[in-house]
J.: 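Can you read through this structure? Questions will come right after.
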Amino acid sequence: MELPLQVDYGFNIHIGDNFFGNNNLTLADAAQISIGDNVLIGPYTGIYTGGHSIDPELRTKAGAEYAFPVTIGDNVWIGANVTITPGTKIGKNSVIGAGSVVTKDVPENVVAYGNPAKVARQINDKDREFYFKDRKTPQRFFDQLASGEVFHR
């Protein structure tokens, strides 16, 4: 976890193994935030569980905040500067593009991005062959995977 890190309460946050949260991560945990194993979160991302009524009379009353849990599955990559809103779920193996605003559930094994975030496509075999746009994944990466060797940055 890179610093700075901002949390509301801290006791409503559950993080799995092999997690990486980049700098300026905000976890507003008025309700539970559950983050799975092998999750990567880019810098300046905010995960928010709380909100307020649209109606001004309700909104201005003390204690009128609502909160709904956020769940992020295993093996998810969340790009930089993403906002995740109350009550949403991101399915395992999915990727959320940088700058996205997640307002609805995102299914497993997809790439989603935009404001609001929408599913652009399923993750597929081409994503294994090309690691970024038209850049082919080097054979040495596959060899390292096969041997169990650890990747280093």
J.: Is the number of heavy atoms from other residues, nucleotides or ligands within 6.0 Å of OH (Y66) greater than 12?
T.: yes
J.: Might you point out which heavy atoms bring V110 and P107 nearest each other, and give the distance in Å?
T.: CG2-O, 3.4 Å
J.: Report the distance from atom CG of D105 to atom CD of E108, rounding to the nearest 0.5 Å.
T.: 11.5 Å
J.: So does N12 get a backbone contact from the side chain of D29, meaning a donor-acceptor N/O pair under 3.5 Å?
T.: yes
J.: Just wondering, are more than 12 heavy atoms of other shown residues or ligands nearer than 6.0 Å to CG in D125?
T.: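 Not buried by this count: 12 neighbours or fewer within 6.0 Å.
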J.: Looking only at heavy atoms, what is the nearest atom pair of P86 and G50, with distance?
T.: CG-O, 3.5 Å
J.: Applying the 4.5 Å side-chain criterion to the ILVMFWY set and letting contacts propagate, would V39 and L5 be lumped into a single cluster?
T.: yes
J.: With T45, which of L25, N23, N81, N22 fulfils side-chain contact (heavy atoms from CB on, under 4.5 Å)?
T.: L25
J.: Is I96 close to V102 at the side-chain level, that is, under 4.5 Å between some pair of heavy atoms?
T.: yes
J.: Once you round to the nearest 0.5 Å, how far does CD1 of I123 lie from CZ of R128?
T.: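 That separation rounds to 12.0 Å.
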J.: Would you please say whether a donor-acceptor pair under 3.5 Å links the side chains of N38 and N75?
T.: yes
J.: Is it true that a side-chain atom of R59 and a backbone atom of I54 form a donor plus acceptor pair closer than 3.5 Å?
T.: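 Confirmed, R59 side chain pairs with I54 backbone.
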J.: Taking it one step at a time, do N93 and N109 satisfy side chain to side chain donor-acceptor pair (under 3.5 Å)?
T.: CA-CA 5 Å; N93 304 320; N109 302 303; 2.9 Å; yes
J.: Indicate the atoms forming the closest heavy-atom contact of A31 with P69, along with that distance.
T.: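 Of all heavy-atom pairs spanning A31 and P69, the closest is CB-N, 3.7 Å.
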J.: Could you check V119, V106, V111 and say which one makes a side-chain contact (heavy atoms from CB on, under 4.5 Å) with S94?
T.: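 Only one option passes, and that is V106.
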J.: Quick check on side-chain contact (heavy atoms from CB on, under 4.5 Å): which of D8, T71, T49 does I33 satisfy it with?
T.: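 Among D8, T71, T49, the one meeting side-chain contact (heavy atoms from CB on, under 4.5 Å) with I33 is T49.
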J.: Would you say I78 and I84 make side-chain contact, with heavy atoms under 4.5 Å?
T.: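 They are in side-chain contact.
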J.: Just by distance, do the side chain of S100 and the backbone of G114 share a donor-acceptor pair under 3.5 Å?
T.: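 Such a contact is found between S100 side chain and G114 backbone.
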J.: Verify whether the ring centers belonging to F132 and F130 lie closer than 6.0 Å.
T.: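 No, they do not, as the ring centres are separated by 6.0 Å or more.
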J.: To the nearest 0.5 Å, what is the distance between CD on Q32 and CZ on F11?
T.: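 Here the rounded value is 11.0 Å.
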J.: Under 4.5 Å between side-chain heavy atoms, hopping through other hydrophobics if needed: is there a path connecting I90 to Y113?
T.: no
J.: Quiz question: by atom type and distance under 3.5 Å, do the side chains of Y44 and N24 form a donor-acceptor pair?
T.: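 A donor-acceptor contact under 3.5 Å links the two side chains.
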J.: Please determine which of T26, I13, I72 meets the side-chain contact (heavy atoms from CB on, under 4.5 Å) test together with I47.
T.: I72
J.: Side-chain contact, heavy-atom cut-off 4.5 Å: D37 with N18?
T.: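 Sidechains of N18 and D37: no contact.
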J.: Could you tell me the separation between the NZ atom of K89 and the CZ atom of F68, rounded to the nearest 0.5 Å?
T.: 12.5 Å
J.: Evaluate the side-chain proximity of D127 to R121: yes if any heavy-atom separation is below 4.5 Å, no if none is.
T.: yes
J.: Within the 4.5 Å heavy-atom criterion, are E2 and F20 side-chain neighbours or not?
T.: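 Side-chain contact under 4.5 Å: yes.
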J.: Got more than 12 heavy atoms from elsewhere within 6.0 Å of CD, Q139?
T.: yes
J.: Tell me whether V95 shares a hydrophobic cluster with V76, the cluster being built from Ile, Leu, Val, Met, Phe, Trp, Tyr side chains joined at under 4.5 Å.
T.: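 V95 does not cluster with V76.
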J.: Following the transitive rule for hydrophobic clusters with a side-chain heavy-atom cut-off under 4.5 Å over Ile, Leu, Val, Met, Phe, Trp and Tyr, establish whether Y48 and I41 coincide in one cluster.
T.: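 Looking at the clustering, I41 is in a separate group from Y48.
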J.: List the steps and the verdict of salt bridge (charged side-chain N to carboxylate O under 4.0 Å, His left out) for D134 and K126.
T.: CA-CA 10 Å; D134 61 350; K126 186 177 178 189; over 6 Å; no
J.: Atom CE of M1 and atom CZ of F19: how far apart are they, to the nearest 0.5 Å?
T.: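 Answer for the CE-CZ pair, M1 versus F19, is 4.5 Å.
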